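Beneath this line is the structure, given in structure tokens, with notes to follow.
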2 protein chains.
Amino acid sequence: MERAAVETPKRKPRADALRNRENLIEAAKEVLGKGGPDASLEAVARRAGVGIGTLYRHFPDREALFHAVFGRELTQLADMADRLDGGSDEVEALRVWLHANVALVETKRGMLGALSIVLTEESKQSFAEQSSRIADALNRLLASGVAEGRVREGVSAEDVMQTMYALCYARSPGESWRRDVLRLLDIFLDGLRQRSATGR
Amino acid sequence: MERAAVETPKRKPRADALRNRENLIEAAKEVLGKGGPDASLEAVARRAGVGIGTLYRHFPDREALFHAVFGRELTQLADMADRLDGGSDEVEALRVWLHANVALVETKRGMLGALSIVLTEESKQSFAEQSSRIADALNRLLASGVAEGRVREGVSAEDVMQTMYALCYARSPGESWRRDVLRLLDIFLDGLRQRSATGR
DNA sequence: TTGCTATCCGGAGGCACCCTCCGTATATTG
DNA sequence: CAATATACGGAGGGTGCCTCCGGATAGCAA
């Protein structure tokens, strides 16, 4: 039985390894952006000017690669979320953030499917920090809205996020993609508001 | 130049061909139901006890097979839609139909992705009849709701359908799948109602 | 500098799937 | 029953997935 030791890394990572990793992420952005989440990983490797073996060493599976790709975008969104301020209309604040989100998504429609992979339960772990920053920010907003009687109860940050991505995903690309997504999203957000007492 | 003739079929179709086609559809239901829309078509052929060539002769591509599979379910939904009656609350009627739809979807979650393929613009053609029966029914409902001032304008049947499928699709399977989908759907439907004059 | 070796690279290889093509088998018809 | 239009099945060529390992090379020590 070895000690389950706190492995002291013997050396610093090799320069070529770092370089290749970077190239792979960059290539993945391009290839996955165009080809969608099912794009060939071999194509990614080719584009990065690297052997397929190298790709798989750095990213054991498709998901790992996606994680690497989305890490930065996610950070961006998390920053945005942190700056959210409900003011007198939490739903409106939410709307602003979601719209920004949709806009950002639009630039990488091809990765939408990838995103849905990333949002899987098991994979949340690796994104723990940004994920929870976002979730916290949105939940804070929602809670405040509920407290003020402006937002209906029982809706979580996750609900809102998933709905947004679902709408982005469902709408097929084209001319009016963005307009349509935002329209449907706004309908959902309206439903999020506390209904007046008329409601059945 | 031949006459662009009204080809008189020389013979009636062979019995084995019909049988195989039926087996293939049945096999497809099972395999696609479990394996999702990316399941192997070769697996479908194997399950149907038929060569891969036979599958491709009957269904030139994946989509054609999905069409065949969904034809019947779609008819079912269309029948249901035809019987829709807005009464005094169109949104409620819509809600009933959509809930039934979700329930039906639940029994074949694996085919959800397939459905999204089927709902593609180009493929609408082959479903012209059922598709438009459904669309007509829903649009009738929506129009009536708008006329009565109970439903917001600018929302089409397609919007509603896509949103429903999006929500079904986004929510990962599990314990609370159905409850969650219905909850989010209801929020959307609430948003669909005409807002009272309070609105931002 | 030089040599050692941990680390990393690249792509061949085995497997699965996609879809096409065509020689063979058979249901239908007269 | 024979003739033949139809349909069958699977081999084959292409692509992608992922693993594995012989060879290359960067970092380190002397």
Side-chain angles (χ1 to χ4, degrees), chain A residues 2 5-28 30-69 110-111 113-114 117, chain B residues 2 5-28 30-69 110 113-114 117 123:
Chain A
E2 307 273 349
V6 232
E7 309 253 352
T8 315
K10 299 290 183 185
R11 293 181 175 189
K12 70 177 174 182
R14 283 173 51 162
D16 51 349
L18 265 51
R19 206 180 325 122
N20 281 335
R21 169 171 251 274
E22 215 51 34
N23 290 343
L24 279 168
I25 294 181
E26 213 52 42
E30 300 174 23
V31 173
L32 298 177
K34 286 197 208 301
D38 293 331
S40 155
L41 293 193
E42 307 209 321
V44 173
R46 279 195 296 272
R47 171 130 208 157
V50 133
I52 183 64
T54 299
L55 185 152
Y56 276 98
R57 194 166 342 91
H58 283 292
F59 309 103
D61 54 34
R62 190 172 286 267
E63 192 175 317
L65 181 56
F66 289 166
H67 280 181
V69 167
M111 300 214 221
I117 291 182
Chain B
E2 307 272 350
V6 231
E7 309 252 356
T8 317
K10 301 288 183 186
R11 291 182 176 188
K12 69 178 177 185
R14 279 172 53 161
D16 51 350
L18 265 49
R19 206 181 326 124
N20 282 334
R21 169 171 252 273
E22 216 51 36
N23 289 343
L24 280 167
I25 294 181
E26 214 51 43
E30 300 174 23
V31 173
L32 298 177
K34 287 197 208 303
D38 293 331
S40 156
L41 293 194
E42 307 208 321
V44 173
R46 278 194 297 272
R47 170 132 209 157
V50 134
I52 182 66
T54 298
L55 185 152
Y56 276 98
R57 195 169 337 94
H58 284 291
F59 310 102
D61 52 35
R62 189 172 287 269
E63 193 176 315
L65 181 56
F66 288 167
H67 280 181
V69 167
I117 291 184
S123 78

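Side-chain atoms are counted along with the backbone in the values below, which use heavy atoms only and exclude waters and symmetry mates. Naming: A, B, ... by sequence-line order, numbering from 1 per chain. Predicted model only: the values in this text are computed from it and were never measured.
Here A/Ser40 lies in heavy-atom contact (under 4.0 Å) with sugar-phosphate atoms only. Among the atoms of the strands shown, none is found under 4.0 Å from any heavy atom of B/Arg21.
Checked by distance alone, B/Arg11 brings no side-chain donor or acceptor within 3.5 Å of a matching partner on the base of C/dT29. Counting distance only, with no hydrogens placed and no angle test, the side-chain atoms of A/Arg14 and the base atoms of C/dT7 include a donor-acceptor pair under 3.5 Å.
Whole-Å rounding puts the B/Arg46 CZ to D/dG9 P distance at 14 Å. Distance B/Arg19 CZ to D/dC8 C1': 12 Å, rounded to the nearest Å. Between the CD atom of A/Glu63 and the P atom of D/dC18 there is a distance of 12 Å, given to the nearest Å. Counting to the nearest Å, the C1' atom of C/dC9 and the CG atom of A/Leu24 are 12 Å from each other. Taking atom CG of residue A/Asp16 and atom C1' of nucleotide D/dA24, one finds them 10 Å apart after rounding to whole Å. Taking atom CZ of residue B/Arg47 and atom C1' of nucleotide D/dG9, one finds them 20 Å apart after rounding to whole Å. Spacing between atom CG of A/Leu65 and atom P of D/dC17 amounts to 11 Å, rounded to whole angstrom units. Atom NZ in B/Lys12 sits about 10 Å away from atom C1' in C/dT29, given to the nearest Å.
Here the NE2-CG distance, from B/His58 to B/Leu18, works out to 8.0 Å after rounding to the nearest 0.5 Å. A/Asn23 contributes atom CG, which lies 12.0 Å from atom CZ of A/Arg21 (distance to the nearest 0.5 angstrom).
Between A/Ala64 and A/Phe59, the shortest heavy-atom contact is O-CD2, 3.9 Å.
When the side-chain nitrogen and oxygen atoms of B/Asn20 are compared with OP1 and OP2 of D/dA7, none of them lie within a distance under 4.0 Å. A close approach under 4.0 Å does occur between a side-chain nitrogen or oxygen of A/His58 and OP1 or OP2 of C/dC9.
Of the two residues near DNA chain C, A/Gly49 and B/Ala43, the one whose nearest nucleotide lies more 5' is A/Gly49. Projected onto DNA chain D by closest heavy-atom contact, A/Thr54 and A/Ala39 fall at different nucleotides, the more 5' of which corresponds to A/Ala39.
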Checklist entry - Could you walk me through whether B/Arg62 and B/Leu65 pass the side chain to side chain contact (heavy atoms under 4.5 Å, CB included) check? => result CA-CA 5 Å; B/Arg62 189 172 287 269; B/Leu65 181 56; 5.9 Å; no
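Partners of A/Glu22 under the side-chain hydrogen bond (donor to acceptor under 3.5 Å, both in side chains) rule, at least two apart in sequence or in another chain, are A/Arg72.
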Under 3.5 Å, which donor-acceptor pairs link side chains of residues 36-56 of chain A to any protein atom two or more places apart or in another chain?
residue : atom : partner : partner atom : Å
A/Ser40 : OG   : A/Glu42 : N            : 3.0
A/Ser40 : OG   : A/Ala43 : N            : 3.0
A/Arg47 : NE   : A/Glu30 : OE1          : 2.6
A/Arg47 : NH2  : A/Glu30 : OE1          : 2.5

Could you list, one pair per line, each protein nitrogen or oxygen that sits under 3.5 Å from a nitrogen or oxygen of nucleotides 19-21 of chain C, together with the distance?
residue : atom : partner : partner atom : Å
C/dC19  : OP2  : B/Tyr56 : OH           : 2.7
C/dC19  : N4   : B/Glu42 : OE2          : 3.3

